[in-house]
Each structure stands twice: as structure tokens, then as C-alpha cells.
Amino acid sequence: MNYELQTTNYKLNTHNSSVFELWKEGERSVDVRIEGASMLPLIRPGDTVSLCLINGDELKKTGDLIAFRQHGGLIVHRFIKQRRINKSLWLCQKGDNLSGWSWILEDDVLGRVEAIRGRGKVIYLNTRPWTWINRVMGISWFLWISFVEKVRLSKVYAVVGRPLPALGGLAGRMGRALNSAYGYIVIKAIGGQDMMIDERQEKKGKAKEEKGRNTMPKYIPPKIVTYTSDEILEEIGPAMACSPSPCGTNP
Amino acid sequence: MSFFTYSPCETGRKGRDAHILFHANESEWVKVNDTGLEIAQYLDEGASLDEVTRRLCAEYGISEDAARQDVLSVSDQLFRQHFLDGNARERPARFPVLKSLFLHLTTRCNLSCLHCYMAGSQANSNRDIPSERVFRIIDSLADHGGTSVTLSGGEVLLHPEIKKILQHAASKVKIELSTNGTLIDREWAKFLSDMDIRIQISIDGSTREIHDSIRGNGAFEKSLRAIEYLQVAGLGEKLILATTKMWQNIDDLPAIISLGKRLGVRLVRFMPLRREGSAGKHWDSVGSGVSIADYERFYEYTFRLQRSGQPGIDVNCGLSGFLPKMPEKYKTDDIWCPIGTLVVITVNGDAYPCVLMMKDEFRLGNVFDDSLDKIIQSDAMISVCQALAERRNKIKKCSVCNWRNLCQAGCMGQALDNKGTIWDTDDFCDYRSKAYEEAFDRILNIDD
Ligand code: SF4
Ligand code: SF4
């Protein structure tokens, strides 16, 4: 089966690998700055999400926001449904603002989003209206995806084939548009709590931001360095590929 | 995401203005400073050069020209190193192409070493691959564009028609001969010196006591004499000493390096002890008693030796997967393990992808029944190549490891030996990981 693979939208800017480290060390919660736009309008670029780090199997109700690894980056999208193929569990995930969706391995899931902070507001996803909103969003996408999958598997699609991708694209865009409209209304109507009440927000961070605004940071021109094998050899020693007989010897 | 970063703040050491950007799925990496990282991130998000320029201007209040210049130079260099190629995807599996063969020509042997991985598995029967068959296999290797063959045994020089085989092979491909050396006399040395050949002689101790306690009385003297003959015949540059690390010699290994230096050989290679064949039976005397820490101590020693710049000899300590910079020769498909390019053949003709993987589940076919073509393209080979590409992402530990595209999850044969599955790391992952960290901390601290 062919599913569209979407491009990566959400990433931790600097220290993504440190999230993985924390995760390995059994840390349970971590904040991550989001930079992409694929979860608009719920998560805006620049927002921070609090991840509760979990194992894949601890999940997950349709509509939960999950963070997972893909191509070395971290992505936050919505969990839609799951399917077991052989021994592995595959999860279907989708960005609200994307027309496609894709399947990921359960092993790649790192955490679930508990809260979204940004522009002075915080949304706790495990509180009453939001659990319901997420469920509704999730189920809507679920229905939508199941429908498209059905169509793609159907005889009609096999026969007509060609014109449908265009239609699919159109439908995808319509879905996104509806999502935006719906999302904006809901978020406007319900919104989040003011950041003030949020004890977890560090005042320090804010103070820093304000300071930053007064004095521009000093510009240090970028530097980018590559080393030759010889330089590395000098610094570190020779590369060690393998010693057992076939590899050590043959070119 | 086309890269991930390693920064000094992650290591908890002093915050230097330097980061390593690792390519998401290639072995490439570059070192950047804060501004370089910032620009790289903007670009990676898909921002256009103009946008990045504008952002820099706004953020630092610098002139647009200066900003544009800098953005251009960063994007240019990143691009050259394959970063920013947009859709960084899973790497494709290696396409198997036959380059070399590893032939176990005979089960005969004049020694019965404690640690042999072959003996016992074939019940000491005196079996050989008939020479016409060997000729055919080697011809077919050459026809496939293969360039080298490793001849091993048992003791390969005991094959009744070994001279014919060597002559035939030498006319077609490069030869590596692995022998215990005890049978090499002047005449043999002269014979061997006429061909394009590399000779690997097993030495398991720097003194008679140690070596003979493993290989039997008199072996040490005979092997050393063989090396002398070969030196006289002018083969010095082509000689390799091979040592299996085990309980008997674990403290003697540095002395073996010195011995190699004294004997004027090109390389000393240290191989892992395997719980197979005779070693499996004698595990109590050769294997248990050596801990992972013992091996690590030895790795540490060879690292220091090599860094000191004057080992005076090439040493391969036997740790796999430590390549802070991918050597040119592996750049073709960016994988250092040669699996998929070689076929290992036993006396029965059974073919396997690697000497460390001579198990039924990895059997590729039989050279007596199947063509090399069929063997190299077999499903088993293709799935092993697939595993080669996927291990670093499928093994949980590796998939979150900074070094995964360099280490590539280590040698899978070794993992199979250590853990009984290729879907795990070998015993030295932790050590290697530390070694990488040290190496990259050092690199972060180079003043350019
Ligand atoms: S976890 Fe260990 S074996 Fe895996 S890539 Fe990292 S260092 Fe290599
Ligand atoms: S699995 Fe290990 S021993 Fe086998 S070919 Fe690869 S690196 Fe060499």
C-alpha cells in the first residue's frame, strides 16, 4: 500500500538528541519548542509543548497529540488509529494542517503532548473541553482517512485511477480548510488559561527575553569546518572498521 | 530533518561556541559555531536564502550584504556535504555485488588449537574442496569482477593440491593466505614470493610458553622460522600477524605488537574469540575469565599507542565501528561492513555472508549446486543487506544514538556472537560510544 510520506515539519531546534537522552534516562517530562506549521491552528510555530515521555504501548486515544521520531527529527502530530502487521504495531498519524498522513512504528513514539504554551496562553490538553475537542478532531480525521483509504482500495479507483489524485488533493485541501475554520473558532471560543496562572512557566525565561530585546545580541560570523581524514587521524587515531577475517583484509 | 546536533552543552562540559551537525542518515558531519547552527536550522526549515538573510539582519542588526554573504557561504558548504537535500529518507539497502571470496579449502590441520572456531564443527574428518571445484569457483569469481580470495582452512597448506590452486588463483585475483605458518619452509617461501599474495600468520603469544600453551608444543618456533623465511624471500611487506584475544594472552597483547614490530611485519590484527568449534568446547579455559573490561583496557592501550603517533606498525585492535570520519574507501555506499560483497564458503560448499555468520539462518546456498550469481542474489543475501542498512534504526539503542551513521550499529557478526542476534549491539557498544564522545569532544575543542 502506498501512503504519502509527508515532509518533516516539527522539530526541536537545537537539542533534539537531548530529548532522546532524557527519554533513555527515564525522564518523564520535557518541554520542546515547535517550529513548524503542520499542526496549525492548535500549535503555532514558536509555541512550546510539554511532552510526557511514554512508551509506545502506553498510548493513546484517537486524537491524542503524540511526539515521535522521524528522519532524525522530532515531530508532533495527531494519533489517529493503529494497525498490527506481523509483529509490529503501526500508528497512523496526521498533522491537522497537512493533507496527507503516514504510518509510523510504535517504537518511534516518544511522548504525548500534555500542554501547549504560547503567546501568553497555556492549554492543558488533559482538561475537560480539550480532551473532547481532541477526540472530535481525531475521530473526524479517522473517518476522513478511512474514507480515502476505502476509495483508494476500491474498484472505481483502480479503474478511474488517474483523475482521483487531483480530486484527492482537492479533498485534502478542503479538509484542511475546514480544520482551520473549525480550529480557529474553537480556539477563539475556548482558548487557554492565561499564562499567569501557570506556575510552571519560568519567570526567568521571560526576563531573559525582555533583556534580549533591549540589547541586540553580538553577531559572530558563522563558521563551518570540515576535517580531512588525515586531520582526524592525527587527532583521534585511525578508523576501526572491523577485524574479523573477511573485512580486515579485503579492500 | 536533514541533520541532528551534538553540542558541548549536551556533554555538560564548558559551553564552547561549537556544535557538530550530523547528517540524518549519512556519515557526513561538519562542525559549526552558534551562528552557523542558527543559519543551518533556518535553512533546514525550508526558509529561502532571502528569508534567512532578513532574519539575521533583524536579529543582529547587521547589514544585508554581510548577512547574505554569510548565509550563502554556509548554505553552500552544507549543500556540498549533502545536508539540506530536502527529503532525507531511509537509506537504501546495499546492492549485493561479489568482490571477494573466503574459502575454507580443507578441514585438515596439523595443530589442534584450543580456540579454533572451525575444528570440531566438522569432526576432524579430512575433507577438502576438490581442486577442479576450487578452480571453477575462482574462475567464476573473476568472471563476476571479483578481485580477491582468502584461502583458509583448517591449515590451508595441507590441501593436497594447494600449489596448483595458488598458481591458478594468482593468475586471476589477489590472494590472502591464512595459515598457522608451521609448514612454511624455504621452498614454500620461495614459491609464495613469486605471486601477488598476502600472508596472514597466526601468532597467539609473544613467547613460546604462551603461544605453545594454546597451539601445542613447538608451534611458536616453527611459526617464527616461517616468518624469517618469508622475510628472506622478500615478503616482509605482505605479512600480517593475527592474534585471537583470549584468557591466555589478554595481558600479553601489547607484547605481541612489539613482536610484530621486531619481526618487521606490516600489520598485527587482533581477532575476537568465538564460542564456536573447539573454543566452544574449551570455553572454560580460553573464554571465561576474560571480561569485557579486559578487552576495553586493551583497546584503550592501542588507542593511546596510535595517538602517540609512533606505533611503528599498523594495529587493528578488533573493535569495530569506530570511525569518526568515514574513510574514502567506504564512501561508495557509505557502509563500512563488506557484507554483500563477499561470500564465505565451507568445505561442504555451503555459502554464508560472513565468517561470523556461518549459521543456518544466514545460509545463502551451496556453491556446488548453485551459481555464484544465484548465491549473491539470493533472498538470504538481500535480507542480510537490508539488515545492514536497517540495524542502526531498528535497534532501539542505536536509533537514538548520536554516532549511528558512523558506527552503523557495529559489526553484526560480532553482535551475533555476543548476543545471539544481529538485532542487538555487540558487547562493546558502551565502550565505543564513550570513545566517540571523547573523540567528538576533542574535535569540538580544536581551535580552527
Ligand atoms: S548505540 Fe552503540 S552500537 Fe548502536 S550506533 Fe551507538 S555506539 Fe554504535
Ligand atoms: S558482519 Fe562484521 S565480520 Fe562480518 S563482514 Fe560485516 S563487519 Fe565484517
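Letters A, B, ... mirror the listed sequences (proteins, then strands); counts begin at 1.
A:S229 OG to B:K329 NZ: the interatomic distance, rounded to the nearest 0.5 Å, is 10.5 Å. Atoms CD and CD1, from A:E231 and B:I443 in turn, are 10.5 Å apart once rounded to the nearest 0.5 Å.
The 12-atom threshold is exceeded at CD of B:E300, counting heavy atoms of other residues, nucleotides or ligands nearer than 6.0 Å.
Distance alone, capped at 3.5 Å, is enough to place a donor-acceptor pair between the B:K325 side chain and the A:Y227 backbone.
Considering only heavy-atom pairs separated by less than 4.5 Å from chain B, the leading option among A:T228, A:I232, A:L233 is A:I232.
At least one side-chain heavy atom of A:Y219 sits under 4.5 Å from a side-chain heavy atom of B:L56. No side-chain heavy atom of A:T226 sits under 4.5 Å from any side-chain heavy atom of B:W29. Here the side chains of A:I220 and B:N33 are in contact, with some heavy-atom distance below 4.5 Å. Side chains of A:I236 and B:R442 form a contact here, defined as non-hydrogen atoms less than 4.5 Å apart. Using a 4.5 Å heavy-atom cutoff, the side chains of A:I224 and B:L21 are not in contact.
Between B:T35 and A:P221, the shortest heavy-atom contact is CB-C, 4.3 Å.
With a threshold of 4.5 angstrom between heavy atoms, B:Q408 does not approach chain A through any atom at all.
The closest side-chain donor-acceptor pair between A:K218 and B:Y60, if any, does not fall under 3.5 angstrom.
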